[in-house]
Every structure is written in structure tokens, then in C-alpha cells.
Amino acid sequence: MNSTHPALTRLAAWVAGYFNGAIKAAPTLAVFIDGDGVSPKDARKVLEHLPIEGRICVLRTYGNFTGKSAEGWAKLIRSLGVTARHMPSLVPGKNATDIALAIDAIEVLLTRSADTFVIVASDADFTPLACRLRESGKRVLVYGSRSTPESLRGACADFHDIGQLGSHPHPQVPSAPFWSSSRATLL
């Protein structure tokens, strides 16, 4: 008499489906936030929306985290485990933050295995980055403001207006856990 527990039968079927390619792991996301161009409040809205897109494996923000928005960024960084790259204003009007973000995104492209790159910015200066990521076969999502230039909108697979994001955009879609660090946790 075969008395295999139903849970073990389901687990065996799931394992077989996973290794045969029938079950896909959620896409991994590399998220890069332009902290000089996006407020901490808007960054939080995006991060609440992202679990419907996949699992975050890289989460970084770049900017000058001093002044009036410092407290908001500090709360976001602490509460969500964001890696912050503080870029003090060395010369007014220069874009050291944008360059640091782009360098790190290309480093992740070449050294890690992220399926989707998420750029949280409204700056047309990120258009070449989005094009380069797309040329490498990566899905590129941009979250920006209503005024985001068409060049950046057109360089990505999907553009999302941060102002249009609700607190729970698609409740019928099961969301992935916020963070992921290994294939085993992607399941």
C-alpha cells in the first residue's frame, strides 16, 4: 500500500516541474534610484510597486543626502536596507550622481545576473544607459515623473509615472518577496 503524504506528492511534482523548466522563478531586479531627482516619498512608492515586477537583488540610491530631504532618505535607507551612495556636491550643476549610478548599473550588468534593470529617474541623461542595458538583452523599466522626456520613455520596455502609482497597484497579482539574494530564495 502506497501511503505517500499528499504534501510530499505535491512537492515532488513541483521539483520535477522546476527542473524541467515548467516553473519559472520570479525575475530578479536591479534597482537604481537617482536620489537627486526623486524624493524619498516617491522612491518609497516605487519600491512598494516593484514586488509585482519581480524580486529585488540590487537596491541602490545615489545622491546628496544632506539638507531638507536627509531625514526622509535616512528613514527609507534604514527601513528597506537600501545601499546609499552619498555624492556631495563637488561642483554645483555637475552630474556626479548620474555618472556613479550609470557606472554601477553597467558593473551589475557585467558581473551579476539581474533579469530586469529599474531606473528611478526623470532625467534624459539616463537614456544612453537604458539603451545599453536593453542592447544587452535586459528588460529596462523606468519610473519617473510626468515630465520625463520622450527619449528616456522610449528607451525602456515600460515607463511608469510615479504620480500615478497607488499604494497597492495590482492586488490580484501575487507579489514576490521584497528582497532576494540567491536562486534558492527565488522559489
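Heads up: numbering here begins at 1 and tracks the sequence.
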Interatomic distance, W73 atom CH2 to I33 atom CD1 [nearest 0.5 angstrom]: 5.5 Å

If I take atom NZ from residue K138 and atom CG from residue D115, how far apart are they, to the nearest 0.5 angstrom? 6.0 Å

Nearest 0.5 Å, please: how far is OG1 in T66 from NE2 in H86? 5.5 Å

Before accepting this row, confirm whether a basic side-chain N of the pair E107/R112 lies closer than 4.0 Å to the acidic partner's carboxylate O. no

Less than 4.5 Å apart, side chain to side chain, heavy atoms only: is that true for K41 and R44? no

To check you understand the geometry: which heavy-atom pair defines the closest contact between T28 and C57, and what is its length? CB-SG, 4.0 Å

Which value, rounded to the nearest 0.5 Å, describes the distance between I99 atom CD1 and D125 atom CG? 9.0 Å

Measuring only between side-chain heavy atoms, which start at C-beta, is V58 closer than 4.5 Å to V31? no

In the structure I gave you, are the side-chain heavy atoms of V142 and H160 within less than 4.5 Å of one another anywhere? no

Taking F117 as the fixed residue, which of V108, L29, L141 is the one that meets the side-chain contact (heavy atoms from CB on, under 4.5 Å) rule? V108

Measure the shortest side-chain to side-chain distance between L101 and T61 over non-hydrogen atoms and say whether it is less than 4.5 angstrom. no

Any non-hydrogen side-chain atom of V140 less than 4.5 Å from a side-chain atom of I119? yes

Which atoms form the tightest heavy-atom contact between A155 and R134, and what is the distance? O-NH1, 2.9 Å

pair M87-F65: side-chain heavy atoms closer than 4.5 Å: no

So that I can tick it off, tell me whether K75 and E71 are bridged by a salt bridge, with the cut-off set at under 4.0 angstrom between side-chain N and carboxylate O. yes

Tell me the closest heavy-atom pair linking L133 and A105, and the distance in Å. CD2-O, 4.4 Å

Would a 4.5 Å heavy-atom cut-off, applied to side chains only, mark Y143 and L50 as touching? yes

Any side-chain donor-acceptor pair under 3.5 Å between D104 and Y62? yes

Short side-chain to backbone donor-acceptor contact, R60 and V82, under 3.5 Å: no

Working to the nearest 0.5 Å, report the span between CZ of R85 and CG of N64. 13.5 Å

Give me the atom names and distance for the closest heavy-atom approach of S145 to D161. C-OD1, 4.0 Å

Which heavy atom of P27 sits nearest to which heavy atom of T116, and what is that distance? CB-OG1, 4.2 Å

For T97, does its backbone N or O pair with a side-chain atom of D36 as donor and acceptor, under 3.5 Å? no

How long is the span from the OG atom in S122 to the CG atom in D34, to the nearest 0.5 Å? 8.0 Å

Ring pair (Phe, Tyr, Trp, His ring centres under 6.0 Å) partners for F159, two or more places apart: none

Please tell me if the side chains of F126 and D98 come closer than 4.5 Å, counting only heavy atoms from C-beta onward. yes

